[in-house]
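Sequence lines set the chain letters: A, B, ... in the order given, protein chains first and strands last, and positions in each chain run from 1. Remember, it's a predicted structure, so these values are computed and weren't measured experimentally.
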Protein chains: 2
Amino acid sequence: MTTITDIAKALGITPSTVSRALAGNPRVKEETRLAVKKKAEELGYEQNVVASNLRKGQSRIVGIVVPRIHREFFSNVIGGAESVLNKAGYNVLICQTLESLDAEIKALKTLKNYRVAAVLLSHAINAKNGNHVKEILGSTPLIQFDRVFPDLPGAKIVGANCEGAYKATMHLIQSGYKRIGTLAGYMTSQAYVERLAGYRMALEASGMPFDNSIVYYNTIVRETGYEAAKKAIEAGCDALYSCGAFSALGAVDAFREKGFKGADDFGIVATSNEGFTGLMSPSLSTLNQHPFEMGEAAARAFLEGRTDTQVIPMELIIRQSSNKNNKWLK
Amino acid sequence: MTTITDIAKALGITPSTVSRALAGNPRVKEETRLAVKKKAEELGYEQNVVASNLRKGQSRIVGIVVPRIHREFFSNVIGGAESVLNKAGYNVLICQTLESLDAEIKALKTLKNYRVAAVLLSHAINAKNGNHVKEILGSTPLIQFDRVFPDLPGAKIVGANCEGAYKATMHLIQSGYKRIGTLAGYMTSQAYVERLAGYRMALEASGMPFDNSIVYYNTIVRETGYEAAKKAIEAGCDALYSCGAFSALGAVDAFREKGFKGADDFGIVATSNEGFTGLMSPSLSTLNQHPFEMGEAAARAFLEGRTDTQVIPMELIIRQSSNKNNKWLK
DNA sequence: TAAAAAAATCCAAACGTTTGCACAATTCTC
DNA sequence: GAGAATTGTGCAAACGTTTGGATTTTTTTA
């Protein structure tokens, strides 16, 4: 591999001048700069970024830590972040924690050892606070997304959970549904608490009672969604706002079983616009969390040195499952 | 940040001994090794991997280049590769090409400049050959997966396209379907050519004619799948093997339109076990390409220094769309 | 107990780049 | 045309680690 020393020797100058020439330092003569560029091209020179990083004490690598790479939400966040960072000349080093706090700690240490320019982080589910992060990262910029700890410094990118849930519930109300339950998540998670709050606000803003007996807690997978939906039907509900996407899938199973034929019979809006929601039958009305944009925002927050909290709006996508003019099954 | 020199000074020894002690070199006394370890712990020492990599001329980073990070298939490959590599002490630097050859070239150069230990690569769709790779990567180990160029050196991990298509078609034949068409892909892609070959082999092995008039080429998205399926129905088909998953979705649209009620009316098996295939109604029988395992295999091929081609079997998953004993819609 | 062998440590260079400061060459000013 | 200002280049150290070979210390052997 050719080095700047090789170029320097070939040109009878010193490595320092070559370095400056390649870096576009104005202190080197136009003439020599061109000669250096030409020779570099000629010898197929490529900078050894490892050496450069060592000398400069910093790298053009941004670390991204996520619970799981192959999760629709996270892979989209990564995709968004990568595209922004790549344009700015950064590369991404990716670590997955598989929801383990130990793995998160290890990942952060590794990234620190690589002297990454910043860390984009969404916490493992069993991280209870951000103390470990502060200690390990020191002065390395931190941008948290989705699963954040408010006490940690630095930018945070979160979804508009409350507002989204409000919008979804309001849509159901305005569509004429009279008794709207909710498939709520775990109250240990900030995101789900906010969604429940949004649901409640929409009801109360419309003069409808908030009835805790049709709030089905801890309902985030298909099976529990199915069971909860059956109960909701028995309880006289004609619509559901689901805090997740997979639980809504279970609800649809229940509707099928009951012979419901369309949104006239029962309406549902789910959170998280997973790919399948638009492909299944009935297609599911959802709240799009814009994971790709979340990744872009996280990357930009780093590039622009922001330290505030950004809230990414959730977009309501109305599909068959809440569209009263549309039969589910032909 | 504390360095090995700090540790050396604190202990009254030299950095070289500290380095060797931490590396577990047998030339250092047990006693000093323990002292070093203790002091390192005490001072919160973390190795500067950048300096280490520079000196050693290689890094513990593996580059992964994919067309798109947020594609179910690729994000799973990455997930699989990361989990294996991480256990072996490697980290992954990820680049997406967004199907652009220029971006692929740039990514490879970047990875080379980082002196990565290896590159795992799935080519951009408009890369016509592997010449650029050879030139840039030089001696850096290359492992290609999914989209590979046979002329490039190094390990290759591919799906068992022919065998999978054979299995899927054979399953339809054995289920009693009499006239089986296929939603074929682009014949410019090796994978689709092989799938068509497997389909043909199954027919011929069963004494059924291969009829090119019910081979629907270039059918890989929902819309074209829908159109092709309508034609297939008119042509008297009672089943389809689809080379993609999204085209099968279009076929299901067509079945719905025709009022088909179950696999007794029409059978279909799709390639690629995308998440939605198991969630839609009817659930789709598919060939699971095992992307996660493909990523694991690619990572292991590097770790074990393999240079052969591995074929990852495709698993037939039988669901409602080809199960004659099961009505699609209740 | 002296010499030889083995074990532990040290020295110094190297990896390839960047950068403050010194020096040389050029241009400008009066 | 002498000195000052400007411009371009060189020198050498530094980033933190690793490693071959030299050196010192300890242990073994006769």
A:N86 side-chain N/O to A:E82 backbone N/O, donor-acceptor pair under 3.5 Å: no
For A:T140, what residues pass the side chain to side chain donor-acceptor pair (under 3.5 Å) criterion, not counting sequence neighbours? A:K112
Base-contact (B) and sugar-phosphate-only (S) positions in nucleotides 7-13 of chain D, heavy-atom cut-off under 4.0 Å, - elsewhere: -BBBBBB
How would you list, by chain and number, every residue that makes a salt bridge (Lys or Arg N to Asp or Glu O under 4.0 Å) with A:E99, sequence neighbours excluded? A:R147
Just checking A:S19: base, sugar-phosphate only, or nothing, at a heavy-atom cut-off of under 4.0 Å? base
Set of salt bridge (Lys or Arg N to Asp or Glu O under 4.0 Å) partners for A:K156, sequence neighbours left out: none
5'-most to 3'-most nt of DNA chain C touching chain B (<4.0 Å, heavy-atom partner on protein side) reads C:dA8 to C:dG16
With sequence neighbours left out, the residues meeting salt bridge (Lys or Arg N to Asp or Glu O under 4.0 Å) with B:D151 are none
With sequence neighbours excluded, residues passing side chain to side chain donor-acceptor pair (under 3.5 Å) with B:N273: B:T277, B:T286, B:R319
Looking at five pairs on each end of the helix from C:dT1-D:dA30 to C:dC30-D:dG1, what is the angle between the two axes, given to 10 degrees? 50°
Partners meeting side chain to side chain donor-acceptor pair (under 3.5 Å) with A:E135 (sequence neighbours left out): none
Please list all pairs meeting ring-ring contact (aromatic ring centres under 6.0 Å, His included) that have one or both residues in residues 124-157 of chain A, counting only residues at least two apart or in different chains. A:H123-A:F149
Not counting sequence neighbours, list each pair that qualifies as a ring-ring contact (aromatic ring centres under 6.0 Å, His included) and has a residue in residues 23-80 of chain B. A:F292-B:H70
For A:S52 and B:R33, find the nucleotide of DNA chain C closest to each by heavy atoms; which residue's nucleotide sits nearer the 5' end? B:R33
Identify, with sequence neighbours excluded, every residue that meets salt bridge (Lys or Arg N to Asp or Glu O under 4.0 Å) alongside B:E30. B:R33
